[in-house]
Amino acid sequence: MKTKQDIFAVLQQLMVKEFELDAEQVHLGAHLYEDLDLDSIDAVDLVVKLRELTGKKIEPDAFKAVRTVANVVDEVYALIDA
């Protein structure tokens, strides 16, 4: 995972597999809670999966402001680029 596009591709696959979403639903503008119907437990699961993928600890506070798929991509990109 080097570029934001790479991160998005991995994130999309992860969300399709873990949350039983259709790939078309998972786009950069999709809101996690309103559009994808994720809840707080799903968000925690997502953080855990992303930590496994990146090998980096993700601070829960960093994810509190995350609302869209693009926000998740940006946070992960910042983590692996750090």
More than 12 non-hydrogen atoms from neighbouring residues, nucleotides or ligands closer than 6.0 Å to CD on E34, yes or no?
yes

Please say yes or no: joined through hydrophobic side-chain contacts below 4.5 Å, possibly via intermediate residues, are Y33 and L14 part of one cluster?
yes

State, with a plain yes or no, whether a side-chain heavy atom of E52 is found less than 4.5 Å away from one of V48.
yes

Should V10 and K49 count as side-chain neighbours, where that means a heavy-atom distance under 4.5 Å?
no

Heavy atoms, side chains only, cut-off 4.5 Å: are F8 and Q12 in contact?
yes

To the nearest 0.5 Å, what is the distance between OH (Y77) and NZ (K2)?
10.5 Å

Any chain of hydrophobic side-chain contacts (each under 4.5 Å) joining I80 to V47?
yes

Go through D74 and K4 one step at a time and tell me if the side chain to side chain contact (heavy atoms under 4.5 Å, CB included) criterion holds.
CA-CA 7 Å; D74 290 342; K4 288 186 179 185; 3.0 Å; yes

Between V76 and L50, what is the shortest heavy-atom contact and its length?
CG2-CD1, 3.9 Å

Under 3.5 Å: donor-acceptor pair, side chain of D6, backbone of T3
yes

Quick one: salt bridge (Lys or Arg N to Asp or Glu O under 4.0 Å) partners of D37, sequence neighbours excluded?
none

Taking only residues two or more places apart in sequence or in another chain, which ones pass side chain to side chain contact (heavy atoms under 4.5 Å, CB included) with A30?
H27, D35, L36, V69

Less than 4.5 Å apart, any side-chain heavy atom of R67 and any of L32?
no

Does L11 reach the side chain of V73, with side-chain heavy atoms less than 4.5 Å apart?
yes

What are the two closest heavy atoms between L79 and K57, and how far apart are they?
CD2-O, 3.8 Å

Taking the side chain from D22 and the backbone from E24, do they hold a donor-acceptor pair closer than 3.5 Å?
no

